[in-house]
Amino acid sequence: MIRFRKAWKILGICLVLLVCSCSGKDKSKHINYRLSGENELLEALSALKEAPDDVTLNISIWYYFTERGMWDSVIRYAAPVFHRTLFSPEKEQLMLYSGAYASQAFIFSERFDSLGTYLDRIIPISEEKGDDFLRAMVNNIAGLYAIKITGDYAEALERYKQALQAVQNTRDTINQSILLGNIASIYYHRRDTAGYRYASEAYRLARLSTDHYSMTYSALQLSQMLYLKKEYASAAAYMEEVAGIATGYPQFHAQFHLLQANMYADRDDYAKAEDYYRKALDTQEHTEPGVMASIHLDYGKMLWKQGLYLKGHQPFFRNVLLQIHQLIQNRGSRGGPFR
């Protein structure tokens with residue numbers, strides 16, 4: 001069980017969520033699980049009015065918003081279902097999945113004060129009764145929580161490995177790739193190139209799946225590990241691949257531009273680096289606060305290295321400190337709509 005405590009960390013970590021399938025007995029044959037666009041979403045929302053407790057129909061809607069990083073919409077549709085089914089044993093599966101999707105959305109939008117209600121309920125039940133997908137999803141959420149709240153990398157790594165073991169019981173190469181990428185991300189943010197093998201395997205599995213979401217994430221993770229290894233040409237090659245497929249996933253754009261900026265800054269190409277730092281800063285609408293803090297800090301380090309803090313950039317450095325201050329202050333107060 002996770003212990004909830006307010007040990008806020010300023011981390012530029014954007015771990016992708018685990019998007020899992022439903023294997024419930026009430027899976028409706030007429031529902032297209034993966035909605036391909038707005039028309040199918042509207043059809044699913046219309047069908048939901050007639051079948052509000054259909055597990056697969058609900059998951060198809062939460063999945064749609066989750067994959068696109070639309071956290072407010074996930075919370076809007078998943079949180080009420082969780083509270084409505086919380087004490088209905090016959091709807092336990094719906095409660096578990098709605099709680100899992102809502103928890104992910106709260107974590108990625110950094111609204112941490114609502115998490116206890118959800119995780120305290122779903123973690124013990126999923127460990128006892130959940131299917132492999134659900135156990136993988138919940139362990140992935142627990143790993144996200146361990147990093148973003150307690151800064152416990154060891155706990156996060158253990159949770160991700162448990163999730164990977166659960167999903168390996170299935171033939172779900174997409175989620176295996178995502179979890180390997182999450183593991184690689186821990187190594188990246190600890191500046192440890194030992195994560196390269198996880199990123200490489202994540203990329204291999206994503207290519208087998210031909211899923212653009214996991215392909216984008218795994219290529220980005222592999223680029224980051226190659227950057228750590230100072231293999232800039234190889235990193236840039238994978239970055240080109242990310243650029244070609246990441247259009248529909250704005251939640252990845254900040255890290256993409258930040259990595260480009262850092263690569264140029266490391267090679268003292270400050271003009272191009274500044275251009276990409278500014279592009280990264282322009283993604284605020286779709287980017288986690290922790291990632292935005294990392295962008296400000298890395299951009300600030302480059303300016304400091306150039307001595308530009310003495311040449312009219314004092315307002316920028318004041319803004320860096322303000323960003324960090326606001327990040328710390330707001331994390332404890334930004335609750336979701338259902339508490």
Side-chain angles (χ1 to χ4, degrees), residues 15-36 44 54-68 74 78 91-105 107-108 119 122-146 156-186 197-219 221-222 249:
L15 296 176
V16 74
L17 66 163
L18 180 72
V19 281
C20 67
S21 305
C22 171
S23 58
K25 294 179 181 179
D26 59 345
K27 186 171 183 179
S28 303
K29 293 181 180 179
H30 69 283
I31 296 172
N32 180 4
Y33 167 67
R34 191 163 190 177
L35 307 176
S36 62
D54 188 293
V55 177
T56 303
L57 178 56
N58 274 284
I59 287 179
S60 70
I61 294 167
W62 305 331
Y63 186 111
Y64 179 89
F65 293 124
T66 291
E67 191 175 40
R68 289 159 177 78
V74 177
K91 300 176 182 177
E92 188 172 74
Q93 187 189 45
L94 185 59
M95 181 273 292
L96 289 170
Y97 273 103
S98 62
Y101 274 92
S103 296
Q104 288 188 139
I107 287 176
F108 278 96
L119 296 186
I122 67 175
I123 287 179
I125 298 177
S126 65
E127 289 175 348
E128 180 183 355
K129 301 180 181 180
D131 55 38
D132 286 326
F133 283 116
L134 187 61
R135 280 191 292 272
M137 189 176 192
V138 170
N139 272 295
N140 187 67
I141 293 168
L144 291 168
Y145 181 93
L157 188 59
E158 178 60 28
R159 287 289 189 172
Y160 289 149
K161 287 183 176 180
Q162 289 180 28
L164 181 60
Q165 183 176 9
V167 84
Q168 282 173 338
N169 294 330
T170 72
R171 295 181 179 179
D172 184 359
T173 56
I174 295 175
N175 281 325
Q176 288 182 49
S177 172
I178 289 172
L179 282 164
L180 286 163
N182 285 354
I183 293 170
S185 185
I186 292 179
R197 66 186 180 95
Y198 295 103
S200 181
E201 178 63 8
Y203 179 79
R204 185 188 72 82
L205 290 174
R207 295 290 293 180
L208 288 176
S209 72
T210 67
D211 172 72
H212 281 189
Y213 183 86
S214 58
M215 286 169 64
T216 302
Y217 182 55
S218 63
Q221 292 299 321
L222 191 52
Y249 307 111

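- Distance check: Ile178 CD1 to Tyr160 OH gives 12.0 Å after rounding to the nearest 0.5 Å.
- To the nearest 0.5 Å, atom CG of residue Leu96 and atom CD1 of residue Ile122 are 7.0 Å apart.
- Of the residues listed (Leu57, Ile61, Thr56, Val55), the one engaging Ile59 in a side chain to side chain contact (heavy atoms under 4.5 Å, CB included) is Val55, and it is the only one.
- Scanning all heavy atoms of the two residues, the minimum distance from Pro124 to Leu119 falls at CD-O, 4.0 Å.
- Using a 4.5 Å heavy-atom cutoff, the side chains of Tyr101 and Tyr63 are in contact.
- Heavy-atom minimum distance, Glu67 versus Tyr249: O-CD2, 3.6 Å.
- Note that CG of Asp132 and CG of Asp172 are 10.5 Å apart. Values are rounded to the nearest 0.5 Å.
- Cation-pi contact between Arg68 and Phe65: absent, since separation from the ring centre below 6.0 Å together with deviation from the ring axis within 45° is not met.
- Between Ser209 and Ser214, some side-chain heavy-atom pair lies under the 4.5 Å cut-off.
- Two residues are said to be in side-chain contact when any heavy atoms from C-beta on lie closer than 4.5 Å; Ile125 and Glu92 meet this criterion.
- Atoms CG and OG1, from Leu205 and Thr173 in turn, are 6.0 Å apart once rounded to the nearest 0.5 Å.
- Side-chain contact annotation: Ser185 with Asn182, donor-acceptor N/O pair under 3.5 Å absent.
- In this structure, Glu201 and Gln176 have side chains that are not in contact, with every pair of non-hydrogen atoms separated by 4.5 Å or more.
- A donor-acceptor contact shorter than 3.5 Å is absent between the side chain of Asn140 and the backbone of Ala136.
- Residues Leu134 and Gln93 are not in side-chain contact: their nearest non-hydrogen atoms beyond the backbone lie 4.5 Å or more apart.
- For the pair Phe133 and Tyr97, the minimum side-chain heavy-atom distance is below 4.5 Å.
- A pairwise comparison of heavy atoms in Met215 and Ala206 identifies CG-O, 3.4 Å as the closest pair.
- In this structure, Ile183 and Lys161 have side chains that are in contact, with non-hydrogen atoms separated by less than 4.5 Å.
- Residues Asn139 and Ala163 approach most closely at CB-CB, 3.7 Å, considering heavy atoms.
- Looking at Leu180, Leu179, Leu164 one by one, the single match for side chain to side chain contact (heavy atoms under 4.5 Å, CB included) with Tyr198 turns out to be Leu180.
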Trace of the side-chain contact (heavy atoms from CB on, under 4.5 Å) decision for Val138 with Arg159: CA-CA 9 Å; Val138 170; Arg159 287 289 189 172; 5.7 Å; no

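- In terms of heavy atoms, Ala202 sits closest to Gly181 at CB-N, 3.8 Å.
- Side-chain contact between Phe108 and Leu144 is present, with at least one heavy-atom pair separated by less than 4.5 Å.
- In this structure, Ser177 and Ser218 approach most closely via the heavy-atom pair OG-CB, 4.0 Å.
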Carefully, step by step, assess Arg135 and Gln162 under the rule side-chain contact (heavy atoms from CB on, under 4.5 Å). CA-CA 9 Å; Arg135 280 191 292 272; Gln162 289 180 28; over 6 Å; no

